[in-house]
> 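Structure incoming, see below.
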Amino acid sequence: MSLRLYNTLTRRVDPFEPLAPPRVTLYTCGPTVWNFAHIGNFRTFLFEDLLRRYLEYSGYDVFQIMNLTDVDDRTIQAAAKAGVVLTKHTEPFTQAFFEDRDYLRIKPAHVYTRATAYIGPMVELVQQLLDCRIAYRSEDGSVYYAVGKFDTYGRLSQLDKRELKAGARVASDEYAKDNVQDFALWKAAVPEDEKVGAAWDTPFGRGRPGWHLECSAMALTEIRSRFGIETLDIHAGGVDLIFPHHENEIAQSEGATGRTFARHWMHGEFLTVEGTKMSKRFGNFLTARDLREEGLDPAAFRRLVFLTHYRQQLSFSDAGLRAAQGSVTRLGEFRDRLVLAARTAKADLSAGNELETQFRAAMDDDLNAPEAMAAVFSFVTNVNRELDAGAGPEKAAGWLKVFDRTMDVLDVTPRKAAVAADLAAWVAERIAARQQARKAGDYAAADAIRGEIAARGIELEDTPAGPRWKKRDA
RNA sequence: GGCGCCGUAGCCAAGUGGUAAGGCAGAGGUCUGCAAAACCUCUAUGCGGCGGUUCAAAUCCGCCCGGCGCCUCCA
């Protein structure tokens, strides 16, 4: 059994076959850095992280590109409102995004492409499309893509099967174009653009790039220069990007290269709150830093996200977060127990086959993380039972190894709270004192010491093997 | 109006033809001086409703009810 992934292009779960294995080129749509990304945005990034990690687990050599949209309507508006130049506004949010990414343990992409750093390639792409008459200049100085010139336009979003709602937002477009479906490649500069320094001179006029243009230009630039190819293995993003964003990317890229832009299109579903999608528009959003300020373990958020299949809407709630936290704690306890039981023994790897097999089967089937997680928890119960029955250190070491391999992908074990050396020494001394008191039958004194330790945020646990302690996180 | 998705235990959520994974909560138990923690066990004769196909349906088909998303710059 090998990896199969749902492909929006075919509307099926297809076998995944990269162009030139083991290399996989992965382009993931990143944030627009006009503000802090909310956890709905991060759900998508976490889905992409899962995809990336599982591809790596499967032996592929992944090259991941993520774009940062630092010039578009919203960034310009926000900069203008703040009265600063564009970069001054976007840079802090870019840094904030990286912080949030690290907090949520999302693996950094190999390259982050900022739109403003690729104006040259974008201009070239527009010029190319103008030259082959797929694009045209309008009276207001903008450049549009003539959708009618691209035969397969609408294939990704199955546009031919749809009908536009009568009187929908079509009339409200601010720019002049030949056909209502045509979209802007290049937008003529307006005063607001100039004000924030978001305008560039080009052979076809002063202006700024349309949103869709950046992804085509950046993806092509990166894979051409690094691998000499013009086709991505996978292009991923949120479902809302299917139309028009990804549809237009295909039209631009394939219109210019004549080659398939991406072989595999993957889209993650929304995160919802009380049945509605999380969105800045609705004001029902929460940012990653909100979670961090509440002291939430990022493992809990990851667990919550991976509890639902990526193509299903994920309902977010505090109760769900608490449940996730509880189950993640259990995984941490389990791992501690294995480490203790394994000591320095040589790993007996025959022991963990079952988990490995089940984990793979689940993940190979279109990244079924909920099922993979279920396999992990079944493993936890089974191994605990065997450990209770006195399984040896070689087996424990083997289990630990296999467990950790699944965690390389899911990464949902709690991070250990760091404990200063002097605090650790103090705790050790107090525990010794308490043991003496217990031995002497002076339980009042023993309980007092337990209280003393607890006051410093340390939780004491009496086990058959003696007392253990851990720092309570948050 | 068009296209698409979803409805499974108190909550979250897998399963898409062979007789209901997993997590949280709850109950019981083991351990313990007590406690906490930890661990183990148990918890849906039923999968929105009604029909149909089939030896067999949560899974396929039809109708109905309820919820959600997209339809030109939202992850």
Side-chain angles (χ1 to χ4, degrees), chain A residues 11 28-32 37-48 69 72-74 147 157-170 172-173 180-184 187 210-212 236-245 247-248 267-272 275-282 303-304 307-309 311-317 319-331 333-334 336-337 358 362 365 368-378 380-381 384-385 387-388 438 441-443 446-447 450 454 459-464 468-470:
Chain A
R11 310 266 156 175
T28 47
C29 275
T32 300
H38 60 63
I39 59 174
N41 302 126
F42 276 107
R43 192 230 172 153
T44 299
F45 304 145
L46 239 27
F47 141 60
E48 292 162 352
T69 301
D72 81 319
D73 289 358
R74 287 179 301 171
V147 162
S157 51
Q158 302 190 113
L159 215 59
D160 52 325
K161 285 168 73 179
R162 306 192 195 182
E163 280 171 33
L164 264 183
K165 183 175 182 176
R169 291 189 253 170
V170 172
S172 66
D173 198 285
V180 287
Q181 285 204 11
D182 293 351
F183 59 90
K187 296 180 168 189
W211 175 41
H212 317 301
V239 277
D240 51 338
L241 298 184
I242 295 172
F243 186 85
H245 189 55
E247 197 68 74
N248 293 350
H267 295 94
E269 257 293 353
F270 288 130
L271 177 147
T272 64
T276 340
K277 79 184 236 196
M278 176 170 286
S279 164
K280 293 259 167 63
R281 258 213 308 270
F282 303 144
R303 156 71 173 154
L304 181 66
L307 191 57
T308 305
H309 185 92
R311 284 194 288 119
Q312 296 296 333
Q313 290 185 359
L314 162 72
S315 52
F316 176 85
S317 68
L321 217 44
R322 276 196 302 275
Q325 180 70 75
S327 67
V328 142
T329 301
R330 185 155 161 237
L331 294 179
E333 294 289 345
F334 173 70
D336 287 348
R337 187 175 186 194
Q358 290 176 5
D365 183 15
N368 194 333
E371 202 166 292
M373 293 261 17
V376 169
F377 280 100
S378 299
V380 169
T381 302
N384 269 325
R385 211 186 288 134
L387 253 32
D388 285 346
R438 289 178 73 196
D442 186 356
Y443 295 119
D447 290 349
R450 185 163 62 197
E459 203 162 280
L460 210 56
E461 192 177 318
D462 289 327
T463 75
R468 282 174 55 197
W469 62 275
K470 62 186 172 189

> Select base, sugar-phosphate, or nothing to describe what A:Gly275 touches, counting heavy atoms under 4.0 Å on all strands.
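If one applies the 4.0 Å heavy-atom cut-off, A:Gly275 turns out to touch the sugar-phosphate alone, with no base involved.
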> According to side-chain contact (heavy atoms from CB on, under 4.5 Å), who are the partners of A:Arg311, at least two apart in sequence or on a separate chain?
A:Tyr6, A:Val13, A:His309, A:Asp366
> Is A:Asn368 near enough to B:A14 that one of its side-chain N or O atoms lies under 4.0 angstrom from OP1 or OP2?
no
> Using Watson-Crick pairs (N1 to N3, plus N6-O4 or O6-N4) and G-U wobble pairs, both distances under 3.5 Å, which stems of at least 3 pairs involve RNA chain B?
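Detected stem regions: B:1-7 with B:65-71, B:10-12 with B:22-24, B:26-30 with B:38-42, B:48-52 with B:60-64.
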> Expressed as a whole number of angstroms, how long is the span from A:Glu371:CD to B:G23:C1'?
14 Å
> List in chain and number order the residues that pass salt bridge (charged side-chain N to carboxylate O under 4.0 Å, His left out) with A:Asp72, two or more places apart in sequence or in another chain; answer none if no residue qualifies.
A:Arg74
> Within the 4.0 Å heavy-atom criterion, would you say A:Ser279 contacts the bases, only the backbone, or no part of the nucleic acid?
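The answer is nothing, as A:Ser279 stays clear of every strand by at least 4.0 Å.
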> Between P on B:C70 and CZ on A:Phe243, what's the gap in Å once rounded to a whole number?
13 Å
> Could you measure between the two P atoms, the one in B:G67 and the one in B:C61, and give it in whole Å?
23 Å
> Pick base, sugar-phosphate or nothing for A:Thr69, based on heavy-atom distances below 4.0 Å to the nucleic acid.
nothing
> Where the side chain of A:Leu307 is concerned, which of B:C12, B:U72, B:U41 is the nearest nucleotide?
B:C12
> Counting any heavy atom closer than 4.0 Å, what does A:Thr272 reach on the DNA or RNA strands: base, sugar-phosphate only, or nothing?
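Nothing, no nucleic acid heavy atom in range.
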> Roughly how far apart, to the nearest Å, are B:A21 and B:U45 at atom P?
13 Å
> Measuring only the P atom in each nucleotide, how far is B:G46 from B:A9? A whole number of Å is fine.
13 Å
> Need one value for A:Phe377: base, sugar-phosphate or nothing, where a base atom within 4.0 Å counts as base even if backbone is also close, heavy atoms only.
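Sugar-phosphate contact only - A:Phe377 comes under 4.0 Å of backbone atoms but never of a base.
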> Distance-only, no hydrogens or angles: does the A:Asn41 side chain make a donor-acceptor pair with backbone N or O of A:Ala37 under 3.5 Å?
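Side chain of A:Asn41 to backbone of A:Ala37, a donor-acceptor pair under 3.5 Å: no, none is there.
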> To the nearest Å, how far apart are A:His245 NE2 and B:G69 C1'?
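It is 19 Å, rounded to the nearest whole Å.
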> Could you pick out which residue, A:Arg468 or A:Ala375, lies toward the 5' side of RNA chain B when each is mapped onto its nearest nucleotide?
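First, find each residue's nearest nucleotide; the 5'-ward one identifies A:Ala375.
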> Let's go through A:Lys277 and A:Asp240 carefully: what are the C-alpha distance in whole Å and the side-chain angles of both, what is the deciding distance for salt bridge (charged side-chain N to carboxylate O under 4.0 Å, His left out) to 0.1 Å, and is it a yes or a no?
CA-CA 11 Å; A:Lys277 79 184 236 196; A:Asp240 51 338; 5.1 Å; no
> Roughly how many Å apart are B:C24 and B:G48, using the C1' atom of each and rounding to a whole number?
24 Å
> Would you kindly give the CZ-to-C1' distance between A:Phe282 and B:A75, to the nearest whole Å?
14 Å
> Among the candidates B:U72, B:A75, B:G69, find the nucleotide nearest to the side-chain atoms of A:Leu241.
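The closest nucleotide is B:A75.
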> When you look at A:Leu387 and A:Arg337, which way does the side-chain contact (heavy atoms from CB on, under 4.5 Å) test go after all the steps?
CA-CA 9 Å; A:Leu387 253 32; A:Arg337 187 175 186 194; 3.5 Å; yes
> In whole Å, what separates the C1' atom of B:G62 from that of B:C55?
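Comparing C1' positions in B:G62 and B:C55 gives a spacing of 23 Å.
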> Using a heavy-atom cut-off of under 4.0 Å over every strand shown, decide if A:Ser317 touches base, sugar-phosphate, or nothing.
nothing
> Using the P atom as the point on both nucleotides, what is the distance between B:U19 and B:U72, in whole Å?
46 Å
> In chain order, what residues pass the side-chain hydrogen bond (donor to acceptor under 3.5 Å, both in side chains) check against A:Ser279, with sequence neighbours excluded?
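With sequence neighbours excluded, A:Ser279 shows a side-chain hydrogen bond (donor to acceptor under 3.5 Å, both in side chains) to no residue whatsoever.
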> Once side-chain hydrogen bond (donor to acceptor under 3.5 Å, both in side chains) is applied, do any residues pair with A:Arg330, and if so which ones, sequence neighbours excluded?
A:Thr381
> Measure from CZ on A:Phe316 to P on B:A13 and round the result to the nearest Å.
13 Å
> Taking only residues two or more places apart in sequence or in another chain, which ones pass side-chain hydrogen bond (donor to acceptor under 3.5 Å, both in side chains) with A:Glu247?
A:Ser157
> Looking only at the side chain of A:Asn41 (C-beta and beyond, no hydrogens), which of the listed nucleotides B:A14, B:C71, B:A75 gets closest?
B:A75
> Before you tell me yes or no, could you show the steps for A:Gln313 and A:Glu269 under side-chain contact (heavy atoms from CB on, under 4.5 Å), namely the whole-Å CA-CA distance, both residues' side-chain angles and the distance that decides it to 0.1 Å?
CA-CA 5 Å; A:Gln313 290 185 359; A:Glu269 257 293 353; 3.4 Å; yes
> Mind checking if A:Gly320 touches a base, just sugar-phosphate, or nothing, with heavy atoms under 4.0 Å?
nothing
> B:C11 and B:U30: how far apart are their P atoms, nearest whole angstrom?
32 Å
> Any base atoms under 4.0 Å from A:Asp240, or only sugar-phosphate, or nothing? Heavy atoms, all strands.
base
> Between A:Arg74 and A:Val380, who's closer to the 5' end of RNA chain B by nearest nucleotide?
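The answer here is A:Val380.
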> Does A:Asp336 have any side-chain contact (heavy atoms from CB on, under 4.5 Å) partners at least two apart in sequence or in another chain, and if so, which?
A:Lys416, A:Arg468
> Using whole Å, what does the distance between atom C1' of nucleotide B:A75 and atom CG of A:Leu271 come to?
10 Å
> Given atom CD1 of A:Ile39 and atom C1' of B:C74, what is their separation to the nearest angstrom?
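About 16 Å, once rounded to whole Å.
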> Is there a donor-acceptor pair under 3.5 Å between the side chain of A:Arg43 and the backbone N or O of A:Phe270?
yes
> Assign A:His38 to base, sugar-phosphate, or nothing according to its heavy-atom contacts below 4.0 angstrom with the strands shown.
base
> For nucleotides B:C71 and B:C63, find the distance between their C1' atoms and express it as a whole number of Å.
27 Å
> With a non-hydrogen cut-off below 4.0 angstrom, is A:Thr276 in contact with a base, only sugar-phosphate, or nothing?
sugar-phosphate
> Assign a letter to each nucleotide of nucleotides 25-37 of chain B from its 5' end: B, base within under 4.0 Å of a protein heavy atom; S, sugar-phosphate only; -, no contact.
------S-BBBBB
> Which is it for A:Phe316 and A:Thr272 under the side-chain contact (heavy atoms from CB on, under 4.5 Å) test, yes or no, and what are the steps along the way?
CA-CA 6 Å; A:Phe316 176 85; A:Thr272 64; over 6 Å; no
> Choose from B:G23, B:A75, B:C70 the nucleotide whose nearest atom is closest to any side-chain atom of A:Lys277.
B:C70
> Can you list the residues that meet the salt bridge (charged side-chain N to carboxylate O under 4.0 Å, His left out) rule with A:Arg450, with sequence neighbours excluded?
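For A:Arg450 the salt bridge (charged side-chain N to carboxylate O under 4.0 Å, His left out) partners, ignoring immediate neighbours, are A:Asp447.
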> Kindly write out the residues that satisfy ring pair (Phe, Tyr, Trp, His ring centres under 6.0 Å) with A:His212, not counting sequence neighbours, or none if the list is empty.
A:Phe183, A:His245
> Dump every N/O contact between nucleotides 4-10 of chain B and the protein below 3.5 Å, one line per pair.
{"residue": "B:G4", "atom": "OP1", "partner": "A:Lys161", "partner atom": "NZ", "Å": "2.9"}

> Tell me, please, which residues at least two apart from A:Glu333 pass side-chain hydrogen bond (donor to acceptor under 3.5 Å, both in side chains).
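Listed in chain order: A:Lys470.
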> Rounded to whole angstroms, how far apart are NZ on A:Lys280 and P on B:C74?
11 Å
